[in-house]
Each structure stands twice: as structure tokens, then as C-alpha cells.
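This report refers to the structure that appears directly beneath it.
The basis for the numbers below is simple: all heavy atoms, side chains too, and nothing from hydrogens, waters or symmetry mates. Order of the sequence lines sets the chain letters (A, B, ...), proteins ahead of strands, with each chain counted from 1.
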Number of protein chains: 2
Amino acid sequence: MRPISPAPRPQLGTPATGMAALAVPDPCAHCDARPVSVCSALEEKDLHRLAALAEVLEVAPGKTFIAEGEKPEHFFNVTGGTARLYKLLPDGRRQITGFARQGHFLGLAVGEANAFSAEALEKVWVCRFSRTRLRQVLDDFPAFERRLLGTAANELVAAQEQMLLLGRKTARERVASFLLAQARPLRPCDAPPGRFHLPMTRTDIADYLGLTIETVSRTMTRLKTEKLIALPSPAEVVLLDRARLESLAGGFEEERF
Amino acid sequence: MRPISPAPRPQLGTPATGMAALAVPDPCAHCDARPVSVCSALEEKDLHRLAALAEVLEVAPGKTFIAEGEKPEHFFNVTGGTARLYKLLPDGRRQITGFARQGHFLGLAVGEANAFSAEALEKVWVCRFSRTRLRQVLDDFPAFERRLLGTAANELVAAQEQMLLLGRKTARERVASFLLAQARPLRPCDAPPGRFHLPMTRTDIADYLGLTIETVSRTMTRLKTEKLIALPSPAEVVLLDRARLESLAGGFEEERF
DNA sequence: CTGCGACCTTGTTTTGGATCAATCGCTTGG
DNA sequence: CCAAGCGATTGATCCAAAACAAGGTCGCAG
């Protein structure tokens, strides 16, 4: 595993074309950690071969590029922007199962139907592979398959964490957990930013945390009045007291005053 | 993929030793479907080689064989019995993330710590591999790795379904979904039984569905008085009206009378 | 047989978050 | 400039499920 040196690399919020679409952020200089990605385990020569099998697409905000229940035709690597992944009940209740950012792999779904829908929150760039070629790709790139297994294992861990949140945490604990997760950098070794932008609406946050929009709003307001966070604007968050947020998110009893 | 013909195979509730520990139920005569399992994609000769790398263990009821937060030393294939998989919050709140039955694979966890604990509900038989040999096993058995990826993808789909349940379904819908899932046979092509045994307590069910024990009990009682199910004993369930249960579980509006 | 402990059920009260209902600020388009 | 529309916030009320509280049933050890 080493830097994919001379190839241009996409920045968050910029499109990526050709081979660059498969690239990922530079590994950390100290620990070599990178966000889990389709190709982060591949050598440069393999990247070129893989790029020939892929198409690069730009998805406009609000556009659905994976539809729950439909036959899976492709698999995707998100290279920029953010997408919401969700499931619906027949009466319209929605559960967002995750937000896909740069490096996220979509379409592992086995069987006859996609288990969820994916919709661009903001402009999204994806690198798309034909599903019929997946077998070929896996056979040709053993490192790719190994990496995919690692990706899936990571997602499974995240899904279990989310089940704990949805099944057993209070609204306050859920929002604290969410804000801390959003503050997590793409490369785990980077320092988490104290200030960041939320690309999703309050409705998205509510549907992700199993709450209503009103409860999300009230809870954020309360965290603000308690000086745990600041909200320069509804979509800008500043973490003012990370320690107390961590303790809240982890489900520790709240200290009494 | 074909039957592992002459090898003895474990029955639910019976121990398995030696190579049989790696075996799975007979494939369905009609569709060749089997429960997802470590070895269900392997040829018989590979099974023998793989068996040499594994130990067979019997886990007594109540015993924890994977502990959340500890360094993962092994990975497991459950060959009989049922285990609860759970995460805890510091104050003791518990979320059961799943129940592992015959064929379930445990320990894909990446990184330095197990993401959950696993505890035998009833007597459990597992086939255990040393984690340090995982790399070797994956390298030696490409079909194993492919199967593992399929397993992980299936679990991811189940986890997303559970997130929908925990985030957006009512108590009634959760219990209906749970009962139907418990009625699902190990081989998907088999007809689901109309009557089955619940190996877990009401407390386990509550911690799996994000409810309290009282709500689970009341909801089951109500389904019983409405003749959707019968409960010959607390642990024996008979599905009396599968269609209405499916509709309930799927989140369709309840029909008015 | 009796007493104990686990587990389950049922009744009552409480409450966290949902629901219903405005209002406020932006942005956009006329 | 104003109107319309959308997202966010805030307030008032409601309710599904939690919490609290008894009992009941069963299996088992003494």
C-alpha cells in the first residue's frame, strides 16, 4: 500500500475523471491510513486496468442513482459529494441507513433487489462499474476483493453501532453521537475538525437518528444554550466541549450540577 | 456447489466434531440454496484441509465467547445452538444486534477490538479458527473468501432492515417482523414452519427490538387475543394469520374493521 | 411439600418524544 | 419591493411506550 503518486486526485467537491475517479485522498504521512476505498489497496498499474472498466458520472443534487427494490445493475465508488442511503415503509416513513462520502462503496447488495435507495444530497461524483463485470473484476484483482471484505466489515461495525443508537440511546445521546461522527475526518489519523459543515437537512438527520425534525432542532438548540456546541448557521457546527459530547454520546450518566 | 455427500452433518441441537463441524445442512433438492456458511462454497477436499485448521468447541449456556472491546483472537462458525450478539452502554443498557444460528459466521471484525459480545443462549457448538491463520486461510481458499464477502453482504442487508425497524416501526410492527423472521427456515427454499420455538427470553427480544420486556409481553398478548398468533407456551409460537402479520410487519396501514 | 428464584404477565402512572400549530429567515422569482 | 416557498425554530398538547408495581407460573433444591 503506497501513495498513488503522480495521478491527479479529486478534492472534496470537485469532479474526478478517468483514472483519477478511482483515486483516494493521500495517505496520512504518519500512519498511512486512508479512508476505506475500492482501490486503496491497488498498485498503480492495477488502477489503470481497473479504470478501463469504470465510467465516471456526476449525479445532480436530489437525483436517485440506486433505487430500493430494483435489480442491481451497477456498483459504485463515491469519489466526491455526499449521498443519502435510505429505506422506505409503504406509508412513507423513511429510515436513512447512512450517508456515503468520498471512498464509500455502494452496491455490494446480493440477490435480486437493492436493499436501499441512494440519492445525491449535493452534487455527487461516482465511479460506476457494470455489475456483470463484477465477477471479472474480483477475479482479476484479488487485492480488490480483500479490500471489499474489509470495507464490508467496517460497514457492519458501523451498522451495529447505529443499531445501539436507534434501539437504546436518548434523543440527546443520538444527536451528540451524530455530531461527533460528522466531525470524524476521512483519514482517521487526521485531527478531527472542531468546526464543520452539515450537508444534510434537519429532516435527513431526523430520519437517520430515528427522531422527528422538531426533536432534532430542539436538541441542537439545547446543546447550543448549554455551550456544548455553537451554530453559526443551521448547517455550520462548532464543537465547543468535545469531552462532554463524547461522554453524552457514549451513554454515560450526565453529570449533575 | 454440490452436496457434501458422505460426511456426517450436524443436526440442530447436536454437537458436531472434526470435519462435520464445518458442514452445513443439505442443500435444498429443488434450488440448491443453503444457509450462508463459511464452507458451503467449498469442495469436499477443501473441507478436509480447512478442518485441520479449526477446533470444535461446545459453549455452555450463558457463557460469553466473544467479548466487546477485547482484542479479537479467533473467528467462529456457529454449527449448532443459538448465540446472542450484543453491545452495551456504560450504564448497562443493552442492544442485541442479532442472534447467531447454525451457519452464522462471527469475528469478521476488523481492527483492535471486537465490536460486540457473543454469548450462548442455549448450548452452542462453534468451529473456531485462530485469527492469525485467517490470512493463510483466505489465501488458500479463494472460494472461502468469496463466500465470506457474500455473508458480509447478507448481514449488511439484515442490519439495514433492523435499522428501519428500530428507527421507524411501532412496537406492534417490530414484534410482527421479529416473529416472521424467527419463522424463516435456515434454507430459504424450505417452507417456513407455522409453529416454532423461541430460544431467547422476553428480555432478549426486548433488547433486540429496542423495547422493554413489558411492551414485548403486552404486544404478544394482543396479537394472541386478535388471533394472529397462538402461544401454547411462552416460548412456543404458532402463526395463525401470516398474511396479516406480513402486512403489519411491512408497515402497511392496519385494516379498519 | 415448601420456598426460592427466573421469567412472564398484567395493571397503573409517568414521560420523552411525537404531533399539531405558528412564526421566523432566507432565497428566489416576478 | 413583495409574495411564495422552503427549511428551521419554538410553543402547546398528546400519546405510545417506559417505568413502576404486583402477581402468577414453573422448575427445582432443600
Side-chain angles (χ1 to χ4, degrees), chain A residues 61-62 84 89 91-95 121-122 165-179 197-226 229-237 248 251 253-254, chain B residues 61-62 84 89 91-96 119 121-122 165-179 197-226 229-237 248 251 253-254:
Chain A
R84 59 172 80 91
L89 286 172
D91 65 359
R93 279 173 286 171
R94 182 177 72 158
Q95 179 64 39
L121 266 185
E122 52 190 357
L165 179 148
L166 292 169
R168 290 295 180 226
K169 289 187 183 177
T170 65
R172 204 168 149 70
E173 291 163 351
R174 293 181 201 201
V175 171
S177 304
F178 171 74
L179 293 176
H197 177 78
L198 294 176
M200 67 292 284
T201 66
R202 293 289 187 269
T203 304
D204 287 329
I205 300 174
D207 285 349
Y208 180 54
L209 300 181
L211 300 170
T212 58
I213 174 174
E214 294 94 333
T215 298
V216 170
S217 180
R218 273 187 248 276
T219 305
M220 302 259 276
T221 304
R222 186 165 156 220
L223 293 177
K224 186 172 73 176
T225 59
E226 290 173 345
I229 61 171
L231 296 169
S233 83
E236 289 296 317
V237 181
L248 233 183
E253 337 271 333
E254 290 215 51
Chain B
R84 59 173 80 91
L89 287 172
D91 64 359
R93 278 173 286 172
R94 182 178 72 159
Q95 178 64 38
I96 292 185
E119 188 179 323
L121 266 185
E122 51 190 358
L165 180 148
L166 292 169
R168 289 296 179 228
K169 289 187 181 176
T170 65
R172 205 168 149 69
E173 290 163 352
R174 293 181 202 201
V175 171
S177 303
F178 171 74
L179 292 176
H197 177 80
L198 296 176
M200 68 291 286
T201 67
R202 294 288 186 271
T203 303
D204 287 330
I205 300 173
D207 285 350
Y208 180 54
L209 299 180
L211 301 170
T212 59
I213 175 174
E214 294 94 331
T215 298
V216 170
S217 180
R218 273 187 246 276
T219 305
M220 302 260 276
T221 304
R222 186 165 157 218
L223 293 177
K224 185 172 74 177
T225 60
E226 290 171 345
I229 62 171
L231 295 170
S233 82
E236 289 296 316
V237 181
L248 233 183
E253 339 270 335
E254 291 214 51

If you look at every strand shown and take non-hydrogen atoms under 4.0 Å, does A/Thr201 touch a base, only sugar-phosphate, or nothing? sugar-phosphate

Side-chain donor or acceptor of B/Gln95 paired with backbone N/O of A/Leu165 under 3.5 Å: no

Test: B/Glu214 and B/Arg218 ion pair at under 4.0 Å: no

Using atom CE of B/Met200 as one end and atom C1' of C/dA6 as the other, report the distance to the nearest whole Å. 18 Å

Whole-Å distance separating the CG atom of B/Leu166 from the P atom of D/dA17: 13 Å

Sugar-phosphate only, base, or nothing, as touched by B/Thr221 at under 4.0 Å among non-hydrogen atoms: sugar-phosphate

Of A/Arg94, A/Arg84, A/Arg202, which is the lone residue that meets side-chain hydrogen bond (donor to acceptor under 3.5 Å, both in side chains) with A/Asp207? A/Arg94

OP1 or OP2 of C/dT9 sitting under 4.0 Å from any side-chain N/O of B/Ser217? yes

Close N or O pairs between protein and nucleotides 20-29 of chain D (under 3.5 Å):
| residue | atom | partner | partner atom | Å |
| --- | --- | --- | --- | --- |
| D/dC20 | N4 | B/Glu214 | OE2 | 3.0 |

Picking from A/Thr215, A/Val216, A/Thr221, what satisfies side-chain contact (heavy atoms from CB on, under 4.5 Å) with A/Thr219? A/Thr215

Assign each of A/Thr215 and B/Ile213 to its nearest nucleotide of DNA chain C by heavy atoms, then name whichever residue's nucleotide is nearer the 5' end. B/Ile213

Side chain B/Arg172, main chain B/Arg222, donor-acceptor under 3.5 Å: no

Rounding to a whole Å, what distance do you find between B/Leu121:CG and C/dC7:C1'? 14 Å

Specify the separation, in whole Å, of atom CG of A/Leu211 and atom P of D/dA17. 15 Å

Rounded to the Å, how far apart are B/Lys224 NZ and C/dT9 C1'? 9 Å

Keeping B/Ser177 on the side-chain end and B/Glu173 on the backbone end, is there a donor-acceptor pair under 3.5 Å? yes

Please give, in whole Å, the distance from C/dG17 C1' to A/Leu209 CG? 13 Å

Can you identify which nucleotide, out of D/dA18, C/dA18, C/dC8, has its nearest atom closest to the B/Arg202 side chain? C/dC8

Select base, sugar-phosphate, or nothing to describe what B/Thr212 touches, counting heavy atoms under 4.0 Å on all strands. sugar-phosphate

What integer distance in Å separates B/Arg222:CZ from C/dG11:P? 15 Å

Rounding to an integer number of Å, can you tell me how far B/Met220 CE sits from C/dC8 P? 9 Å

How close do B/Leu209 and B/Arg174 get, heavy atom to heavy atom, and via which atoms? O-NH1, 2.8 Å

